[in-house]
Amino acid sequence: MVKPLHEIPVTALKGVGAALAEKLAKIHIHNLQDLLFHLPLRYQDRTRITPIASIHSEGDYVIQGSVVASDVLMGKRRSLLCRISDGTGSIGLRFYHFSSAQKNSLKPGTEVRCFGEPRRGASGLEIYHPEYRVIKPDDDLDVEETLTPVYPATEGLTQQRIRSLCELALEQLNHPDALQEWLPESVRWKYQLGSLVEAVEFLHSPPPDVSVELLSEGRHPAQIRLAFEELLAHNLSMQKLRSLIRTVKSYEMPPKQTLTRDFRSQLPFSLTGAQEKVLAEISQDIMQPDPMLRLVQGDVGSGKTVVAALAALQAVENGYQAAVMAPTEILAEQHEKNFKSWLKPLGISVGYLSGKTKGKKRQQVLEEIVQGDAAVVVGTHALFQEEVQFKKLGLAIIDEQHRFGVHQRMALRKKGELNGGQPHQLIMTATPIPRTLAMSAYADLDCSVIDELPPGRTPVNTVVIGDDRREQVMKRLRSACLEGRQAYWVCTLIEESEVLQCQAAEVTAEQLREALPELSIGLVHGRMKAAEKLEVMDAFKSGHMHLLVATTVIEVGVDVPNASLMIIENPERLGLAQLHQLRGRVGRGSIASHCLLMYHAPLSQQSRERLQVMRDSSDGFVIAEKDLELRGPGEVLGTRQTGLAQFKVADLERDAILLDQVRDAGQVVLKEAPESAEPLILRWLGHAEKYANV
Ligand code: ADP
Ligand code: MG
């Protein structure tokens with residue numbers, strides 16, 4: 001075999017047929033290179049026989065001795081207990097499942113070698129169900145020369161089998177092209193990275209004197225060598241994606257200070273420093289012919305909408321259209337109202353399109369969009385449907401879309417293409433993305449952060465309280481509302497079912513109306529008609545309603561400054577980011593606000609910690625980092641939805657400290673050894689890289 005290992009299928013190995021190949025495919029092993037990158041989870045030390053007397057710490061040991069006693073015990077559960085002695089001490093081997101043949105083979109006087117983890121048991125040190133073999137007088141058994149790897153496995157695939165397959169793959173490394181070194185010398189030198197082949201060989205069979213601890217923490221230089229290269233490959237793939245996108249031109253829309261100036265002069269407030277800073281970045285981007293790809297992160301209430309409006313106006317004053325897309329109907333409608341009230345006075349027409357815009361109305365809006373009569377178009381995902389054609393779309397703004405990943409953004413960009421050009425793209429998210437994730441999942445975007453809230457906000461006082469105190473909570477709610485405050489009551493459900501969640505909200509609203517007849521109580525949920533929802537929201541917004549019972553549909557964007565109390569039922573069911581979003585609905589005015597997290601006991605340790613984070617912090621970035629720590633990147637971003645890369649070797653949390661170096665190294669590779677980029681991407685991303693060709 002002289003091909004590179006990623007081109008040699010596992011079936012080329014002796015003894016690997018279709019059935020075994022299928023099992024290997026389950027753990028993402030298709031070729032010999034996959035086998036080599038299938039790194040052990042941990043290692044066992046079978047390189048020496050340990051005298052029984054010197055077993056002091058926890059762990060696995062190889063022990064050899066002769067059986068001194070062998071008894072079947074009839075305690076709570078029948079068991080076979082063999083006591084073996086090696087002259088330094090003795091230890092028990094306990095079997096709960098045993099055959100009579102097994103029992104007979106372990107008679108006193110028999111010499112055995114066994115492997116397992118000793119624990120304190122009824123008879124002193126015991127190993128439960130050890131691996132063992134009986135040693136005959138003329139046997140000459142060697143110990144292992146290297147640590148024994150324990151691999152991630154799957155049903156029907158034994159450790160022994162994977163080990164021998166990996167050994168076969170390792171034998172192929174003798175060939176110089178098998179696993180070519182693609183890291184330029186300068187990068188390896190600068191970051192003190194060894195050779196790839198050596199790292200791989202080492203990790204599959206580490207010598208006995210290596211630190212098992214370092215290995216188990218994933219901090220051994222050989223592990224870092226591989227993780228570094230994998231992260232670098234991802235970085236290079238993102239850069240490639242970026243430059244591909246940049247081959248398509250966009251439109252130059254310099255600030256004209258006509259509409260934008262008029263708009264600013266009618267605003268009842270001036271922008272915060274952070275808003276100005278981010279706006280300047282956007283303004284600078286969209287006057288260039290290269291398409292902007294910018295992510296704006298700003299905590300709830302930081303004032304992203306105004307920034308979006310000013311960016312849209314810069315497009316409009318250059319004769320282009322701007323589209324504003326929101327993820328939910330309620331939020332889209334709210335944007336529509338805001339944009340209409342802001343832009344109508346400037347003589348700019350705002351179109352609105354959602355999935356619920358039907359019939360004549362729809363035809364009319366589509367016509368306005370294609371004719372360019374609607375200079376700004378607000379809507380839901382519906383805006384990206386085939387039938388929606390813009391006359392001259394210069395800027396696409398996507399609000400609150402942290403759940404979108406590379407693939408989806410690619411699709412949106414394509415949608416926005418017209419006349420060989422591509423609109424600039426602005427993505428706004430209120431869910432701060434932990435820095436480590438941002439650098440990998442969003443490496444194809446430039447980032448801006450609105451890191452300041454408008455003045456005059458009072459922090460929300462958050463209380464974690466059990467639902468056995470519901471009565472007390474209702475009393476408090478009643479008196480707050482009678483004092484003229486407004487409140488939200490948010491219902492959550494474990495089930496992903498919108499129907500059930502809406503039913504729960506209906507029932508709760510009924511109960512609250514009964515218990516608190518003196519309050520005016522409204523209900524809003526995702527299954528109501530758009531017009532109904534709007535009516536309820538309007539009543540709440542105008543202060544005609546004390547209490548709004550809602551499902552999590554109010555999560556994003558809803559803005560009612562007089563609302564100062566929020567009760568969230570079963571907050572333990574929600575992610576931290578979502579809770580933070582919900583809580584951001586209060587604390588928007590100058591009155592002191594409260595958020596009651598009313599959990600249902602008992603809470604798991606993790607839930608307790610998460611609610612505590614909510615109580616102790618109001619900083620979206622802190623909460624996001626904590627969320628990442630507690631739940632891991634896949635959960636936080638929703639790996640499947642985001643297209644966030646799955647790593648073979650790297651671990652974003654563990655290897656976060658490498659990211660800065662990886663970034664630098666990416667630049668160096670492109671400058672000094674651009675021919676290495678493609679093979680590196682291919683090696684680590686293989687087929688996953690398809691999207692780069694969109
Ligand atoms: P988010 O970033 O969560 O989308 P919004 O854009 O909805 O926040 O803004 C929240 C509220 O703050 C709105 O009522 C908005 O009018 C107001 N606001 C935005 N910027 C400022 C500012 N610079 N000064 C005072 N209020 C502001
Ligand atoms: Mg918003």
Side-chain angles (χ1 to χ4, degrees), residues 260 263-280 282 294-313 324-343 345 376 378-380 397-404 426-433 447-460 486 488 537-538 540-543 552-564 566 577-591 593 595 618-621 623-624:
T260 47
F263 176 75
R264 279 168 181 271
S265 67
Q266 73 171 34
L267 267 185
F269 49 76
S270 49
L271 298 193
T272 62
Q275 284 171 316
E276 291 289 5
K277 177 194 70 184
V278 170
L279 191 60
I282 297 167
R294 187 169 286 280
L295 176 71
V296 172
Q297 298 185 55
D299 214 342
V300 274
S302 61
K304 293 182 290 293
T305 322
V306 163
V307 172
L310 277 158
L313 284 175
V324 182
M325 195 191 82
T328 67
E329 193 92 9
I330 288 193
L331 188 56
E333 280 162 8
Q334 183 172 296
H335 277 333
E336 181 203 10
K337 282 190 79 170
N338 274 334
F339 276 81
K340 278 193 170 148
S341 74
W342 283 335
L343 304 189
V376 174
V378 179
T380 59
I397 300 170
I398 303 168
D399 192 16
E400 312 279 4
Q401 274 303 356
H402 59 284
R403 296 180 190 90
F404 272 25
L426 185 65
I427 295 156
M428 301 196 298
T429 174
T431 308
I433 297 150
C447 278
S448 297
V449 181
I450 307 183
D451 50 8
E452 179 187 356
L453 293 181
R457 301 278 164 84
T458 45
V460 179
Q486 287 175 282
Y488 296 100
M537 292 307 298
D538 277 345
F540 189 62
K541 214 167 172 167
S542 61
T552 47
V553 294
I554 59 153
E555 178 187 344
V556 283
V558 173
D559 188 28
V560 181
N562 190 48
S564 62
M566 172 173 281
Q578 208 179 359
L579 282 172
H580 181 63
Q581 286 286 310
L582 280 169
R583 183 174 60 181
R585 303 305 116 215
V586 292
R588 304 197 142 223
S590 49
I591 338 155
S593 292
C595 177
S618 57
D619 181 329
F621 279 90
I623 290 172

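Start at 1 with the first residue, then count along the sequence. When a ligand or atom number is given, it counts from 1 through the structure's own listing order. No experiment lies behind these values; they were computed from the predicted model shown.
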Can you find a heavy atom in the side chain of Val306 that is under 4.5 Å from one in the side chain of Trp342?
-> yes
Close side-chain approach of Arg294 to Val278, heavy-atom, < 4.5 Å = no
May I ask you to list the atoms of ligand 1 that are less than 4.0 angstrom from any heavy atom of [X]?
{"X": "Thr305", "answer": "4 (O), 5 (P), 6 (O), 7 (O)"}
{"X": "Leu271", "answer": "23 (N)"}
{"X": "Val300", "answer": "3 (O)"}
{"X": "Gly303", "answer": "1 (P), 2 (O), 5 (P), 6 (O), 8 (O), 9 (O), 19 (C)"}
{"X": "Thr272", "answer": "23 (N)"}
{"X": "Gln275", "answer": "19 (C), 20 (N), 22 (C), 23 (N)"}

Is there a donor-acceptor contact under 3.5 Å from the side chain of Lys277 to the main chain of Ser448?
-> no
Under 4.0 Å between a Lys/Arg side-chain N and an Asp/Glu carboxylate O for Glu336 and Lys340?
-> yes
Can you name the closest pair of heavy atoms from Arg588 and Arg585 and give their distance?
-> NH2-NH1, 3.2 Å
Asp451 CG to Gln275 CD distance, which is reported to the nearest 0.5 Å = 11.0 Å
Could you tell me if any non-hydrogen atom of [X] lies under 4.0 Å from any atom of ligand 1?
{"X": "Met428", "answer": "no"}
{"X": "Gly301", "answer": "yes"}
{"X": "Ser270", "answer": "yes"}

Are Val307 and Val296 close enough, and set up right, to give a side chain to side chain contact (heavy atoms under 4.5 Å, CB included), and what steps lead you there?
-> CA-CA 10 Å; Val307 172; Val296 172; 5.6 Å; no
